Engineer: 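Take this structure first; my questions come after.
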Amino acid sequence: MMYRVLLIDDDVPMLKVLQQMIDWEANNLQIAGSTYSSAKAMHMFEEVRPDIVITDIGLPQKNGMELADHFIRMKPEVRIIFLTCHEDFHYAQQAVKLQADDYLIKDQLTAEQLEQSLGKSMHLLKTRAGLINREAASYNSQLFRQDLLQKVINGSPSEATLAYAAQIGISWTYPWFMLGLVSIQLSSFDKRFRHSEFPLILYAVYNIAMELSESYEGITPFMEQGNIVILHNFRVNLAQNASLHLHNYVQRLRYQCVHFLKIQPNVIAVTDKMELSSIGSIYQEILHDKCEFYENSDYTISEISQIRSRWFQAAPQGFLDSYVSELERKLIKQDLDGIRTTLHKIAGTAKELSIDPADFARELSSMLRGIELMFSSLKFDEDLFAYLALARTLEDMMELVERKLTQIIGTRQAGVGSSTNEPKLQVIQQYIDQHLDDNITSIDMARYLFLNPSYFSRYFKRMTGLTFTDYVHQYKMKMATKMLRMSGQNLESLAMGLGYSDRTYFSKVFKKYVGTTPSEYKAKYTARK
C-alpha cells in the first residue's frame, strides 16, 4: 500500500530538501502535495486527503499546531510529524503532548531520522493504534474549554456557565473563585527559542498546567491570548488555606516550566474571593492594564481594590531624550557596565513617574530605532519590538533591551577585528572607542602600549599613512556626522561626548575634516530629508 504525504513549510528550500532526502517510493510513500502556505495547505488537504502530514510549527497565519487540529477534525486518523528549527527543542518535547508522532529538528535532520519517523507513522496507520476519536479527546476538549472561558469573561449568567462547565466535565461546586494569569517571561524565551515557536511553548506550559491540575482540587487552567488563565474554585474553610493552595500550584508550575522548558513564567494571582459573574471584568483589567508591571514576576493581589487603585501616567514627551546621547557614547566606548547603569536609570525614572507600560514600550522602541540608525551595521530583529509591546513586567522589558545593546557591542568588536588586520591597530582602535570623550594624544597611546612616544608616532604613520592626531580627529568627525544625522542632542553635548570641551574648537575641527560647520552640515542634511 502506498501512503500519501503532505509537506508544509514556509521555507521553500526546506521543502526541496525533504523531497530529495529519501527515496519516497521505495518506502511505500508518495508526496501528494507540498506548499509553503498554511492557507494553501488547508485546501490541499481537502483535495488529496493525505495519510501523513509533515508540517513546520512556526508558520505565518495559521501555525503548524492549528493546522494539525484542523486536519484531525477533517480526518481523525491522519498522522502528524512536526518540524522545528530550534536545537534546544528537546527541552520542550517532554512537556508538549500534541497528537503528533514525532518532532524533527530541521538543522539536525538526517535521511535515517526521516525514514524512522515516517515508519512510525505508517505502523500506526496499519495497526490503527491511538485512533480513539482524537477529535473528541483533543481538539473538542480544548475548544469547549475556550468556549467556557469566553462565557466567564463575557459575564454570561452564572447558572448557564456552571451548567456548561458541568457538561464538559468541570465541576465548580463552590461559591468563590480566585484568578491567576501566567505569562511567559519573554527575555527567558528569547534566549532559547524563536518567535515562531511561541505557540508551541505556550502549549507546553498549558500541558504542564493541565497535568498539575489533576492533583489540585478546584484548579482549572485555560489557554487564552498568549497566556495561561487559572481559575481556582473554592469555599471558605478554616481548615484549608485556599490562597496557599493556589500558591503551591503556581510554584510547581513555575518549577516545571524552568525544568522542562528552560523558561521563566510571570505570575499574577488575585487571591481575593470573587463570584463567577465578576471574574470577567477583573480579568480584562489585569490583562490590559498590566498592573503588575512595576512589581516582580510573582505578584499577588490580595484585595481587588489594589487593581483599581493602580494608576499609570502617559509618558512625558521626550522623557528618554536625556539618556539617548549617554547611551550612544557608552555604546561607542563599548562600556557594558555604563550601559547597564544608564538602563537602570531609565527603568528607575519610568518607575518613579509610573509611566504607562504601553507608552514606555513605545518610547524604548523609538530609542532603539534611533540607535539602530546610528550604527549602520546593526539591524535589530523585529521580534524585539513585538516582545517589548507584549512584556508584562519592567524587569522583562529591560532585560530584553540590555541583551540587544550588548549584542551591538559584540557586532562593533567583530567589525573592528575584520577591518583592521594589524593586531596592534585593533588595540589602538578599541582604546580610542573606550576613551572617545577624552582628548587622547599620541603620548597617551604610547604609554598605554608601553612604547617610546617617538617610535609610536613613526610606527603609526607608517601603518596608517596618517599622524595619530589626524587619525583620531578624522575618526571622531565621522562619528559626529552620524550623530548630527541621527541624534537629537545639541552641539555642546555632542562635542563633550567626543572629547572637545570647547564648542568653537569642535566646530573648527569639524569644518577642517568635513568641509562645513556642524550647523551647516545639520541644516543641509535636514533639507535633504
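Small disclaimer: the values here were computed from a predicted structure and weren't measured. No hydrogens, no waters, no symmetry mates; every other heavy atom, side chains included, goes into these values.
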Engineer: Looking at A391, is its backbone amide N or carbonyl O close enough to the side chain of K290 to form a donor-acceptor pair, meaning the two atoms are under 3.5 Å apart?
Structural biologist: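 Present.
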Engineer: Starting at CG of D56, measure out to CG of L15 and round the result to the nearest 0.5 Å.
Structural biologist: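 So the gap between those two atoms works out to 9.0 Å.
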Engineer: Just how far is it from atom OH of Y255 to atom CZ of F260, taken to the nearest 0.5 Å?
Structural biologist: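 Here the rounded value is 8.5 Å.
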Engineer: Nearest 0.5 Å please: distance from the CD atom of Q264 over to the SG atom of C257.
Structural biologist: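 Here the rounded value is 9.0 Å.
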Engineer: Ignoring hydrogens and angles, tell me if any N or O in the side chain of D51 forms a donor-acceptor pair with the backbone of Y3 under 3.5 Å.
Structural biologist: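 Flag not set: sc D51 to bb Y3 has no pair under 3.5 Å.
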Engineer: For S302, does its backbone N or O pair with a side-chain atom of T300 as donor and acceptor, under 3.5 Å?
Structural biologist: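 No; zero donor-acceptor contacts below 3.5 Å.
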Engineer: So, R254 side chain and P265 main chain: donor-acceptor pair closer than 3.5 Å or not?
Structural biologist: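 Yes, because the side chain of R254 sits within donor-acceptor range (under 3.5 Å) of the backbone of P265.
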Engineer: Quick check: does any side chain N or O of E66 sit under 3.5 Å from a backbone N or O of N63, one acting as donor and the other as acceptor?
Structural biologist: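 Yes, E66 side chain to N63 backbone: donor-acceptor pair under 3.5 Å.
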Engineer: Let's go through S322 and E326 carefully: what are the C-alpha distance in whole Å and the side-chain angles of both, what is the deciding distance for side chain to side chain donor-acceptor pair (under 3.5 Å) to 0.1 Å, and is it a yes or a no?
Structural biologist: CA-CA 7 Å; S322 61; E326 185 178 329; over 6 Å; no
Engineer: For atom OH of Y36, is the number of surrounding heavy atoms from other residues, nucleotides or ligands below 6.0 Å larger than 12?
Structural biologist: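 Atom OH in Y36 is not crowded, with 12 or fewer foreign heavy atoms closer than 6.0 Å.
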Engineer: Between D356 (side chain only) and A358 (backbone N and O only), is there a donor and an acceptor less than 3.5 Å apart?
Structural biologist: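 Yes; judged by distance alone, with no hydrogens or angles, the pair exists.
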Engineer: Check whether any side-chain N or O of Q313 sits under 3.5 Å from a backbone N or O of L353 as a donor-acceptor pair, and report yes or no.
Structural biologist: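 Pair found, side chain donor or acceptor close to backbone of L353.
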Engineer: Knowing that exactly one of F189, F385, Y387 qualifies, which makes a ring pair (Phe, Tyr, Trp, His ring centres under 6.0 Å) with H195?
Structural biologist: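 Considering F189, F385, Y387, a ring pair (Phe, Tyr, Trp, His ring centres under 6.0 Å) with H195 is found only for Y387.
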Engineer: Does the Lys NZ or Arg CZ of K151 fall within the cation-pi geometry relative to Y164 - under 6.0 Å from the ring centre and within 45° of the axis?
Structural biologist: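 Output yes; distance and angle both within limits.
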Engineer: May I ask you to test the K262-F193 pair for a side-chain heavy-atom distance under 4.5 Å?
Structural biologist: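 In short, these two side chains do not touch, never coming nearer than 4.5 Å.
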Engineer: Between atom OH of Y103 and atom CD1 of I80, what is the distance when rounded to the nearest 0.5 Å?
Structural biologist: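 Here the rounded value is 11.0 Å.
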Engineer: Return the minimal non-hydrogen interatomic distance between E303 and I301, and the atom names on each side.
Structural biologist: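 So the two residues come closest at O-CG2, 3.1 Å.
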Engineer: Spell out, as yes or no, whether a donor-acceptor pair under 3.5 Å connects the side chain of S366 to the backbone of E363.
Structural biologist: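 Side chain of S366 to backbone of E363, a donor-acceptor pair under 3.5 Å: no, none is there.
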Engineer: Is the CD atom of Q284 crowded by more than 12 outside heavy atoms at less than 6.0 Å?
Structural biologist: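 Yes, CD of Q284 has more than 12 neighbouring heavy atoms, counting only those of other groups under 6.0 Å.
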Engineer: Go through the steps for N266 and V182 under the test side chain to side chain contact (heavy atoms under 4.5 Å, CB included), then give the verdict.
Structural biologist: CA-CA 6 Å; N266 295 319; V182 180; over 6 Å; no
Engineer: Let me confirm one number: the CG-OG distance from D272 to S278, rounded to the nearest 0.5 Å.
Structural biologist: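 Here the interatomic distance stands at 9.0 Å.
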Engineer: Could you report the tightest heavy-atom contact between R4 and V48, atom names first, then the distance?
Structural biologist: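 Closest heavy-atom pair between R4 and V48: NE-O, 2.9 Å.
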Engineer: Decide yes or no for I184 and I228: does some side-chain heavy atom of the first lie under 4.5 Å from some side-chain heavy atom of the second?
Structural biologist: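 They are not in side-chain contact.
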Engineer: Hey, what do you get for NE2 (H70) to CE (M42), rounding to the nearest 0.5 Å?
Structural biologist: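 With rounding to 0.5 Å, NE2 (H70) is 3.5 Å from CE (M42).
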Engineer: Might you point out which heavy atoms bring I355 and P316 nearest each other, and give the distance in Å?
Structural biologist: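 Of all heavy-atom pairs spanning I355 and P316, the closest is CD1-CD, 3.6 Å.
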Engineer: Look at the aromatic rings of H245 and Y216 and report parallel, tilted or perpendicular, splitting at 30° and 60°.
Structural biologist: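 Tilted: the ring planes of H245 and Y216 meet at 30° to 60°.
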Engineer: What side chain to side chain donor-acceptor pair (under 3.5 Å) pairs are there with at least one residue in residues 224-244, not counting sequence neighbours?
Structural biologist: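 Listed by first then second residue: Q150-E224.
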Engineer: Does the side chain to side chain contact (heavy atoms under 4.5 Å, CB included) test come out yes or no for L149 and V229, once each step is laid out?
Structural biologist: CA-CA 9 Å; L149 183 60; V229 179; 4.2 Å; yes
Engineer: Does any non-hydrogen side-chain atom of Y323 lie less than 4.5 Å from one of T349?
Structural biologist: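 A side-chain contact exists here, since the closest heavy-atom pair is under 4.5 Å.
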Engineer: What class does the angle between the rings of Y206 and Y203 fall in, given that below 30° is parallel, 30 to 60° is tilted and above 60° is perpendicular?
Structural biologist: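 Because their plane-to-plane angle is over 60°, the rings of Y206 and Y203 count as perpendicular.
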Engineer: Would you confirm whether Y294, through its side chain, and P357, through its main-chain N or O, come within 3.5 Å as a donor-acceptor pair?
Structural biologist: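 No, because the side chain of Y294 does not come within donor-acceptor range (under 3.5 Å) of the backbone of P357.
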Engineer: May I ask you to decide if A209's main-chain N or O and Y249's side chain share a donor-acceptor pair within less than 3.5 Å?
Structural biologist: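 Judged by distance alone, yes, a pair lies under 3.5 Å.
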Engineer: Give the intermediate values and the outcome of salt bridge (charged side-chain N to carboxylate O under 4.0 Å, His left out) for residues K120 and D101.
Structural biologist: CA-CA 7 Å; K120 184 193 303 182; D101 295 338; over 6 Å; no
Engineer: Got M14 and L18 here, is their nearest side-chain heavy-atom distance under 4.5 Å?
Structural biologist: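 Sidechains of L18 and M14: in contact.
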Engineer: For residues 392-400, run the donor-acceptor check on the side chains, cut-off 3.5 Å, and write out each pair with its distance to 0.1 Å, sequence neighbours left out.
Structural biologist:
| from | atom 1 | to | atom 2 | distance (Å) |
| --- | --- | --- | --- | --- |
| R392 | NE | E292 | OE2 | 2.7 |
| R392 | NH1 | L287 | O | 2.9 |
| R392 | NH2 | I286 | O | 2.6 |
| R392 | NH2 | E292 | OE1 | 3.3 |
| R392 | NH2 | E292 | OE2 | 3.2 |
| T393 | OG1 | D396 | N | 3.1 |
| D396 | OD1 | L186 | N | 3.4 |
| D396 | OD1 | S187 | N | 2.8 |
| D396 | OD1 | S187 | OG | 2.6 |
| D396 | OD2 | L186 | N | 2.8 |
| E399 | OE2 | R403 | NH2 | 3.2 |

Engineer: Start with the C-alpha distance between Q185 and S297, add both sets of side-chain angles, then the distance that settles side chain to side chain donor-acceptor pair (under 3.5 Å), and finish with yes or no.
Structural biologist: CA-CA 8 Å; Q185 189 181 84; S297 61; 4.6 Å; no
